[in-house]
Amino acid sequence: MSIYEKLNEQQREAVFYTEGPLLVLAGAGSGKTRVLTHRIAYLIEEKGINPWNILAITFTNKAAGEMRERVDNIVGFGSESIWVSTFHSTCVRILRRHIDRLGYDTNFTIYDTDDQKTLMKDVCKYLKIDTKIYKERNLLAAISSAKNEMITPQEYRLQAEGDFHKQKIASVYEEYEKQLRANNALDFDDLLVKAVQLFQTQPDVLEYYQERFRYIMVDEYQDTNTVQFMLISILAAKYRNLCVVGDDDQSIYKFRGANIKNILNFEQVFEDAKVIKLEQNYRSTGNILNAANAVIRNNRGRKDKTLWTANGEGEKISFRQFDSAYDEAEYVVDDIREHVKQGECAYNDNAILYRTNAQSRMFEERFVTAGIPYKIVGGINFYARKEIKDLLAYLKTIDNGQDDLAVRRIINVPKRGIGLTSVNRVQEYAAAREIGFYDALRAVDLIPNIGRGASKMESFVALIEHFKAEAEQVRISELLEDIIEMTGYVEELKAEGDVEAEARMENIDELKNKIAAYEEACTQKGELPSLSDFLEEVALVADIDSLDENSDYVILMTLHSAKGLEFPHVYLTGMEDGIFPSYMTITSDDPEEVEEERRLCYVGITRAKQQLTLSCARRRMVRGETQYNKMSRFLKEIPMKLLSTGAVFEREDKEVKMQNTYRQAKQTFQTKAFSTKPVQQFKVSNGKGPGYDVGDRVRHMKFGEGLVTSITEGGRDYEVTVDFDTAGTKKMFAAFARLQKI
DNA sequence: AAGGGCGGTGTTTTT
DNA sequence: CACCGCCCTT
């Protein structure tokens with residue numbers, strides 16, 4: 001029983017409150033994962049609930065794995081039969097069993113963003129839609145939000161009454177759905193939508209899962225969207241043992257349909273819901289927490305709460321402004337190297353966070369030159385790389401011949417002399433007869449006007465048929481080997497012989513490793529590895545899932561990816577208006593948008609346990625042109641007293657003044673939506689200088705105490721000469737030396 | 001059929 | 001800057 005005594009009062013209350021709807025408002029770092037794991041343990045150990053009856057939904061696969069592990073450590077048995085997974089994985093698992101009820105084949109394929117775009121191109125071509133006016137991206141976005149609100153194409157059509165633009169989208173939506181179905185494919189949103197539809201239309205299936213999932217827990221509830229809400233409400237409708245955990249201040253996924261009302265109105269929807277607030281933070285120092293609180297306080301429409309901590313104040317938050325993004329990266333990388341060198345921390349205690357993926361490049365370059373191990377999370381997903389998608393398309397074709405997209409992707413990869421004209425002929429033939437592309441290909445001799453393309457296509461079909469037969473016999477790893485061998489895929493890359501081809505081959509090796517790991521895992525679980533299973537796993541992994549705590553590298557990622565994680569030292573970079581908050585949100589007339597950015601800032605700050613460094617650059621290349629940005633408005637929301645005095649702030653020398661005028665002129669020119677107030681700059685107390693003067697005694701972290709003998713202005717920093725008592729005379733840059741006046 | 005070159009365009013953020 | 005689509009050449 002003692003494990004529950006280590007929890008604080010509110011945590012314990014949440015753990016013991018097992019029956020009926022429960023909303024746990026858990027501030028950042030307040031131990032919500034602990035609550036969830038202990039709650040599961042409590043259900044099993046103390047309430048005698050069968051692990052089989054528990055469903056826990058997490059935000060990432062990684063979080064799911066960790067939760068299972070932690071429960072395992074507490075309970076010691078039965079944790080493997082708890083259903084812990086993400087919304088998407090949960091739905092796939094259910095759909096694999098029952099989607100035939102909705103007229104799909106159970107070996108459906110999952111389309112990623114890339115596939116969706118390809119399909120949308122086809123749809124637009126077919127409907128003769130000018131993609132200059134209706135961009136694929138926007139069409140897909142419109143469809144996605146419709147799906148997130150559970151609006152079917154038919155309903156969309158009805159709502160579009162009298163609106164030409166919407167009617168156009170309705171037609172696209174209809175055709176898009178039709179083609180998905182024809183390809184026996186589901187997109188990401190469909191996974192959720194079809195699961196809800198399944199429950200809505202198949203009472204026996206619903207009954208089964210309601211009986212099974214008597215206790216439901218949802219993590220990161222603030223980021224659920226309408227479909228997800230419907231899914232859990234319908235599942236929980238019978239037993240009503242629904243526990244949701246979240247923090248409205250950390251809702252950062254509105255752009256993908258997250259509905260903050262799900263958490264704000266939980267008590268209205270479930271009138272008898274119990275609400276428990278967790279406000280004690282165990283993660284961060286007082287200074288970090290106060291900064292976070294100060295920022296988030298500026299948001300309206302949030303549930304009132306203030307995080308507090310029993311941890312000490314800790315170090316001050318360091319803030320630095322640099323001339324360029326290049327300088328910023330240089331500083332951060334050097335700072336990390338220095339800390340590690342001093343033995344203060346390991347590389348993987350450091351995380352660099354930024355608003356957009358593009359910002360990672362600067363840092364990457366610096367890390368490469370510095371020879372420091374690093375890992376960039378996000379950006380281009382491993383499984384979205386060309387070579388990986390190609391090989392997976394082979395596997396998909398072998399697994400599900402109805403996936404036209406996959407077949408068309410590989411029919412001429414590597415080159416076999418099958419051109420676009422031939423492919424189009426087959427496509428037309430298939431469309432006219434309403435059969436699949438591959439099926440048409442099998443009967444290629446019946447297709448008119450194919451000419452000499454026919455024989456090439458026949459041998460392609462023969463190749464695939466060979467693989468299909470083989471797939472029945474051998475393991476996936478062997479199948480892939482054979483695909484590579486027979487198609488000459490790697491051979492072609494070898495012939496290219498450049499760095500890029502080299503990287504692609506490495507990726508292919510990595511794919512082999514992943515397949516081997518999958519097969520290994522299956523053998524361990526005593527299951528038979530299946531191609532469909534593997535492809536499904538692949539479709540739903542996020543890059544963040546591959547983060548490995550045991551490898552020592554600096555971690556770089558977007559603020560979004562950082563949600564739910566924590567690091568001893570966090571660098572929050574690119575703190576500039578126009579970057580963070582992003583240009584899109586500050587020019588938007590919806591103030592909610594900036595509020596979401598502010599929540600993102602709150603998430604970023606609260607990732608830090610001990611040290612937080614905020615940085616920005618005056619000048620930065622964005623999309624090929626130099627931008628001059630003001631400091632982020634969020635920085636100004638942080639009280640000065642929380643910031644370290646050693647930080648070098650704005651220097652009003654001539655060059656900078658000119659830049660200021662230039663950028664202000666530029667910004668006023670660009671948009672009037674920017675704040676009309678003059679830029680409020682942080683100032684060092686005496687107006688300029690590094691905070692000490694010639695003749696002052698100073699202290700250095702490593703060299704001890706000494707006398708400042710000269711200060712000269714360098715390019716973008718002061719060069720300080722110090723006569724140290726023990727270490728001799730050193731010249732150093734003020735920004736790096738971090739000298740303290742004594 | 002395929003590859004190279006040119007111009008236009010555009011970004012938050014992700015399962 | 002980097003990607004994509006289009007057009008041109010071979």
Side-chain angles (χ1 to χ4, degrees), chain A residues 57-64 85-92 110-114 116-118 121 125 131-132 135-138 140-141 144 147-148 186-192 220 223-225 227-228 251-258 325 353-362 377-381 383-384 386 412-423 451-453 456 496 536 538-545 557-563 574 576 578-588 593-594 596-597 599-601 603-604 620-627:
Chain A
I57 294 187
T58 57
F59 204 69
T60 62
N61 294 301
K62 183 168 175 270
S85 65
T86 64
F87 269 110
H88 292 270
S89 306
T90 300
C91 291
V92 172
I110 301 166
Y111 277 0
D112 66 15
T113 321
D114 246 36
Q116 285 179 285
K117 229 179 124 191
T118 314
K121 262 181 218 159
K125 205 159 101 191
T131 51
K132 289 260 153 53
K135 304 233 161 56
E136 287 99 336
R137 261 170 19 89
N138 298 338
L140 283 167
S144 179
K147 286 185 177 181
N148 284 327
L186 301 184
D187 64 21
F188 282 130
D189 300 316
D190 279 340
L191 298 176
L192 303 160
E220 306 284 7
D223 283 318
T224 51
N225 60 32
V227 208
Q228 291 168 337
S251 166
I252 55 172
Y253 280 103
K254 188 172 163 210
F255 73 92
R256 74 174 198 210
L353 308 183
Y354 36 75
R355 181 64 237 272
T356 63
N357 282 305
Q359 289 166 254
S360 67
R361 265 203 34 197
M362 256 330 150
V377 176
I380 327 113
N381 188 326
Y383 292 104
K386 209 182 292 160
N412 200 29
V413 174
K415 303 268 175 301
R416 354 183 125 79
I418 303 174
L420 207 64
T421 25
S422 310
V423 170
R452 56 189 185 292
K456 290 169 183 163
E496 282 176 36
E536 161 189 326
V538 152
L540 296 176
V541 290
D543 208 24
I544 194 84
D545 297 330
M557 65 184 129
T558 63
L559 287 152
H560 282 89
S561 301
K563 189 172 78 158
E576 298 142 40
I579 301 288
F580 184 36
S582 81
Y583 181 78
M584 298 294 276
T585 55
I586 43 188
T587 51
S588 155
E593 302 233 334
V594 174
E596 173 129 334
E597 296 276 300
R599 289 194 290 269
L600 196 53
C601 183
V603 168
R620 178 184 296 275
M621 280 280 257
V622 180
R623 275 192 284 153
E625 64 171 19
T626 307
Q627 268 185 13

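Just so we're on the same page: letters track the sequence lines, and every chain starts at 1. Just so it is clear, the structure is predicted and the values come from calculations on it, not from any experiment.
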Q: Using a 4.0 Å heavy-atom cut-off across all strands, classify T356(A) as base, sugar-phosphate, or nothing.
A: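 Sugar-phosphate: the residue T356(A), judged by heavy atoms under 4.0 Å, touches backbone atoms but no base.
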
Q: Heavy atoms under 4.0 Å, any strand shown: does R137(A) hit a base, just sugar-phosphate, or nothing?
A: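 Sugar-phosphate contact only.
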
Q: Please enumerate all residues that pass side-chain hydrogen bond (donor to acceptor under 3.5 Å, both in side chains) together with R416(A), with sequence neighbours excluded.
A: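 If we apply the side-chain hydrogen bond (donor to acceptor under 3.5 Å, both in side chains) test to R416(A), skipping adjacent residues, the hits are Y394(A).
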
Q: Any side-chain N or O of T113(A) less than 4.0 Å from the OP1 or OP2 oxygen of dT15(B)?
A: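 Answer is no, no contact under 4.0 Å.
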
Q: Can a side chain N or O of N357(A) be found less than 4.0 Å away from OP1 or OP2 on dT14(B)?
A: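 Yes, such a contact exists.
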
Q: Between M584(A) and T60(A), who's closer to the 5' end of DNA chain B by nearest nucleotide?
A: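 The residue whose closest nucleotide sits nearer the 5' end is M584(A).
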
Q: Excluding sequence neighbours, so at least two apart, what forms salt bridge (Lys or Arg N to Asp or Glu O under 4.0 Å) with K254(A)?
A: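 Applying salt bridge (Lys or Arg N to Asp or Glu O under 4.0 Å) to K254(A) gives D590(A).
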
Q: Once you apply a heavy-atom cut-off of 4.0 Å, does E597(A) come out as touching a base, just sugar-phosphate, or nothing?
A: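 Base contact.
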
Q: Identify, with sequence neighbours excluded, every residue that meets side-chain hydrogen bond (donor to acceptor under 3.5 Å, both in side chains) alongside E136(A).
A: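 Testing E136(A) for side-chain hydrogen bond (donor to acceptor under 3.5 Å, both in side chains), a comparison that skips the adjacent residues, returns none.
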
Q: Taking side-chain hydrogen bond (donor to acceptor under 3.5 Å, both in side chains) as the definition, give me every residue that meets it alongside Y383(A), ordered by chain and number, with sequence neighbours left out.
A: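 Counting only residues at least two positions away or on another chain, Y383(A) forms no side-chain hydrogen bond (donor to acceptor under 3.5 Å, both in side chains).
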
Q: dT14(B) C1' sits how many Å from N61(A) CG, rounded?
A: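 Computing the N61(A):CG to dT14(B):C1' distance gives 13 Å.
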
Q: Assess the side chains of D543(A) and N381(A): does a donor N or O sit below 3.5 Å from an acceptor N or O?
A: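 Their side chains do not contain a donor-acceptor pair, so the 3.5 Å distance test is not met.
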
Q: With a 4.0 Å cut-off on heavy atoms, is S561(A) in touch with a base, just the backbone sugar-phosphate, or nothing at all?
A: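 The answer is sugar-phosphate, as S561(A) gets under 4.0 Å only of primed atoms, P, OP1 or OP2.
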
Q: Under a 3.5 Å distance rule, please check whether R620(A) uses its side chain to pair with a backbone N or O of Q627(A) as donor and acceptor.
A: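 Judged by distance alone, no pair lies under 3.5 Å.
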
Q: Heavy atoms only, 4.0 Å cut-off, all strands: where does F580(A) land among base, sugar-phosphate and nothing?
A: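 The residue F580(A) makes no contact with any strand.
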
Q: I'd like a table of atom pairs between the protein and nucleotides 3-5 of chain C - only N or O on both sides, under 3.5 Å - with the distance next to each one.
A:
from: dG5(C); atom 1: OP1; to: K121(A); atom 2: NZ; distance (Å): 2.4

Q: Can you list the residues that meet the side-chain hydrogen bond (donor to acceptor under 3.5 Å, both in side chains) rule with T86(A), with sequence neighbours excluded?
A: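 If we apply the side-chain hydrogen bond (donor to acceptor under 3.5 Å, both in side chains) test to T86(A), skipping adjacent residues, the hits are S89(A).
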
Q: Cut-off 3.5 Å, side chains only: do S144(A) and D189(A) have a donor facing an acceptor?
A: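 Judged by distance alone, the side chains do pair up.
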
Q: Looking at residues at least two apart in the chain, or sitting in another chain, which of them share a ring pair (Phe, Tyr, Trp, His ring centres under 6.0 Å) with Y253(A)?
A: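 So Y253(A) forms a ring pair (Phe, Tyr, Trp, His ring centres under 6.0 Å) with F59(A), F255(A), H560(A).
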
Q: What are the atom names and distances for every N/O pair under 3.5 Å that joins the protein to nucleotides 1-4 of chain B?
A:
from: dA1(B); atom 1: OP1; to: G419(A); atom 2: N; distance (Å): 3.0
from: dA1(B); atom 1: OP2; to: T421(A); atom 2: OG1; distance (Å): 2.7
from: dA2(B); atom 1: OP2; to: N412(A); atom 2: ND2; distance (Å): 2.9

Q: Roughly, in whole Å, what's the span from CD in Q359(A) to P in dT11(B)?
A: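 Atom-to-atom, Q359(A) to dT11(B), this comes out as 17 Å.
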
Q: Any idea which of dC1(C), dG10(B), dT15(B) is nearest the H88(A) side chain?
A: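 Of the options given, the side chain of H88(A) lies nearest dT15(B).
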
Q: Measuring only the C1' atom in each nucleotide, how far is dT11(B) from dC6(C)? A whole number of Å is fine.
A: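 Approximately 23 Å lies between the C1' atom of dT11(B) and that of dC6(C).
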
Q: Atom CG of L191(A) and atom P of dT14(B): how far apart are they, to the nearest Å?
A: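 Value for this atom pair: 19 Å.
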
Q: Contact class for D112(A) vs. all strands (heavy atom < 4.0 Å): base, sugar-phosphate, or nothing?
A: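 No contact.
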
Q: Please enumerate all residues that pass salt bridge (Lys or Arg N to Asp or Glu O under 4.0 Å) together with E593(A), with sequence neighbours excluded.
A: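 Counting only residues at least two positions away or on another chain, E593(A) forms no salt bridge (Lys or Arg N to Asp or Glu O under 4.0 Å).
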
Q: Quickly work out the E220(A) CD to dT14(B) P distance and round it to whole Å.
A: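 Taking CD of E220(A) and P of dT14(B), I get 15 Å after rounding.
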
Q: Return no unless some side-chain N or O of K135(A) is found under 4.0 Å from OP1 or OP2 of dG10(B).
A: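 For K135(A), the contact criterion (side-chain N or O under 4.0 Å from OP1 or OP2 of dG10(B)) is met.
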
Q: Can you identify which nucleotide, out of dT15(B), dG10(B), dT13(B), has its nearest atom closest to the A542(A) side chain?
A: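 When the side chain of A542(A) is considered, dT15(B) is the closest of dT15(B), dG10(B), dT13(B).
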
Q: Has F255(A) got its ring stacked on dT13(B), by the test of a centre gap below 5.5 Å and a plane angle below 30°?
A: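 According to the criterion (under 5.5 Å, under 30°), yes, F255(A) stacks.
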
